[in-house]
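Step one of this worksheet: look at the structure below.
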There are 2 protein chains.
Amino acid sequence: MDKAAVLQVFESLSSGIRLDVFRLLVQAGRSGRVAGEIASSLDIPSTNLSFHLKTLVQSGLLTVEQEGRFQRYRANIPLMLGTIAFLTENCCAGHPEDCAELRGAIPDVDAFLPPLECSKGDSCS
Amino acid sequence: MDKAAVLQVFESLSSGIRLDVFRLLVQAGRSGRVAGEIASSLDIPSTNLSFHLKTLVQSGLLTVEQEGRFQRYRANIPLMLGTIAFLTENCCAGHPEDCAELRGAIPDVDAFLPPLECSKGDSCS
DNA sequence: TCAATACTTCAATAATTGTTGAATAATTGT
DNA sequence: ACAATTATTCAACAATTATTGAAGTATTGA
């Protein structure tokens with residue numbers, strides 16, 4: 001897995017619609033969903049959904065299989081997890097355990113989030 | 001960690017420059033790097049780098065700390081890993097082991113990548 | 001205090017992405 | 001064969017993101 005592949009994965013998850021689609025399909029598991037089901041679940045015009053599905057298939061995060069006149073989409077979870085492996089490669093100069101530890105047990109992530117972003121004009125520092 | 005936060009993480013890694021910056025800092029570990037070091041390592045104009053660093057800090061993937069006139073950036077690895085936790089929530093309708101298994105041991109991911117994308121006009125099917 | 005250094009902000013512009021409706025292709029049931 | 005269904009492609013347009021150079025802020029060392 002090279003940089004270009006990883007970049008495609010992130011690009012393909014960097015849209016609210018595509019993130020919703022991927023999550024829906026992760027939850028659907030092996031049975032996946034056909035395009036029309038996705039469109040009605042998420043209330044997205046089919047023409048726009050097609051655009052986003054294409055992006056997700058190109059990155060490899062989704063697979064498609066034809067079923068008569070339906071197209072069945074499924075999530076590719078291993079690719080997702082492998083993307084993290086790429087990011088944590090050669091981790092932590094001299095303290096590789098900083099990554100290793102974390103790969104096993106995923107902690108309470110909220111503690112690592114930054115404070116809420118101050119939006120336009122309001123004086124919070 | 002909610003959808004908006006996860007989306008920001010993916011948006012902030014969906015640029016080649018930002019992906020390079022994050023990887024550089026993952027490898028740097030606890031010592032991080034100051035902005036100027038990042039700029040010269042990756043050969044990016046400082047004004048453009050600033051733009052990308054801001055994006056990464058806002059998503060939480062990087063932290064900044066002032067050091068005299070320098071700004072020291074560090075990668076936030078737990079946030080990265082937590083993002084995956086979010087994606088694999090409620091996984092795999094009836095077969096949760098599909099995710100659970102994979103969370104522990106990360107497989108040969110290349111096997112899950114799609115065939116090379118055919119670019120404009122060339123007849124490969 | 002003054003000049004040099006480190007970095008960021010701003011405004012203009014360039015480049016890329018997302019959305020829509022109309023047209024198209026493929027498949028099924030009658 | 002025909003009409004209905006499922007989904008995709010295309011071209012126009014809208015919206016968002018990225019890049020640059022000039023100007024600005026803050027810190028340091030002389």
Side-chain angles (χ1 to χ4, degrees), chain A residues 4 7-22 24-25 32-59 61-74 114 117-123 125, chain B residues 4 7-22 24-25 32-59 61-74 114 117-123 125:
Chain A
L7 193 51
Q8 273 204 295
V9 168
F10 288 125
E11 279 168 353
S12 76
L13 288 173
S14 69
S15 132
I17 288 181
R18 294 194 295 265
L19 187 54
D20 287 341
V21 169
F22 185 71
L24 178 69
L25 291 174
R33 293 284 184 268
V34 300
E37 290 170 337
I38 300 170
S40 60
S41 291
L42 302 178
D43 195 35
I44 300 163
S46 68
T47 186
N48 189 16
L49 179 62
S50 253
F51 168 81
H52 290 296
L53 288 172
K54 193 179 175 188
T55 301
L56 283 159
V57 170
Q58 277 178 13
S59 75
L61 276 177
L62 298 188
T63 61
V64 218
E65 190 187 0
Q66 183 155 9
E67 256 178 32
R69 57 184 141 177
F70 301 87
Q71 300 290 119
R72 182 166 300 272
Y73 289 89
R74 293 185 180 85
E117 178 63 7
C118 304
S119 32
K120 33 171 177 173
D122 57 337
S123 61
S125 63
Chain B
L7 193 51
Q8 273 205 294
V9 168
F10 287 125
E11 279 168 352
S12 76
L13 287 173
S14 69
S15 133
I17 288 180
R18 292 193 296 262
L19 187 53
D20 287 341
V21 169
F22 185 70
L24 178 69
L25 291 175
R33 293 283 184 269
V34 301
E37 289 171 337
I38 301 171
S40 61
S41 290
L42 302 177
D43 195 34
I44 300 164
S46 68
T47 184
N48 190 16
L49 180 61
S50 251
F51 167 81
H52 290 294
L53 287 172
K54 193 180 174 185
T55 300
L56 283 159
V57 170
Q58 276 177 14
S59 75
L61 275 177
L62 299 188
T63 60
V64 217
E65 189 188 1
Q66 182 154 12
E67 257 178 31
R69 57 185 141 176
F70 301 88
Q71 300 289 120
R72 183 166 299 273
Y73 290 89
R74 293 186 180 85
E117 178 63 8
C118 302
S119 33
K120 34 173 176 174
D122 56 338
S123 60
S125 63

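Order of the sequence lines sets the chain letters (A, B, ...), proteins ahead of strands, with each chain counted from 1.
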List for me each residue that meets side chain to side chain contact (heavy atoms under 4.5 Å, CB included) alongside L53(A), sequence neighbours excluded, and say none if there are none.
V21(A), A35(A), I38(A), L49(A), L62(A), Y73(A)
Sequence neighbours left out, what passes ring-ring contact (aromatic ring centres under 6.0 Å, His included) with F10(A)? Give chain and number order.
F10(B)
The answer to which of E67(A) and E11(A) contacts DNA chain C further toward the 5' end, by nearest nucleotide, is E11(A)
Using 0.5 Å steps for rounding, measure from the CG atom of L56(A) to the CG atom of L25(A).
8.5 Å
N/O contacts under 3.5 Å, protein versus nucleotides 1-8 of chain D?
unit_1 : atom_1 : unit_2 : atom_2 : d
dT5(D) : O4'    : R69(A) : NH1    : 3.3
dT5(D) : O2     : R69(A) : NH1    : 3.2
dA7(D) : OP1    : A35(A) : N      : 3.3
dA7(D) : OP1    : G36(A) : N      : 3.4
dA7(D) : OP2    : G36(A) : N      : 2.8
dT8(D) : OP1    : Y73(A) : OH     : 2.3
dT8(D) : OP2    : S50(A) : OG     : 2.4
dT8(D) : O5'    : S50(A) : OG     : 3.1

Quick check against the 3.5 Å criterion: does Q66(A) have a side-chain atom that pairs as donor or acceptor with the backbone of G68(A)?
yes
The first and last nucleotides of DNA chain C lying within contact of chain B, meaning any atom under 4.0 Å from one of its heavy atoms, run from dA4(C) to dC10(C)
Closest contact, heavy atoms only, E67(B) versus V34(B):
OE1-CG1, 4.4 Å
Interatomic distance, I17(B) CD1 vs dT20(D) C1' [rounded to whole Å]
12 Å
Salt bridge (Lys or Arg N to Asp or Glu O under 4.0 Å) against R33(A), all qualifying residues, sequence neighbours excluded
none
Exercise: identify the closest heavy-atom pair between Q8(B) and Q58(B)
OE1-O, 3.7 Å
Rounded to whole angstroms, how far apart are CG on L42(B) and P on dT19(D)?
13 Å
S14(A) or Q66(A), whichever maps to the more 5' nucleotide of DNA chain C:
S14(A)
Which range-with-range stems can be found for DNA chain C when each stem has 3 or more Watson-Crick or G-U pairs in a row and both distances sit under 3.5 Å?
C:1-30 with D:1-30
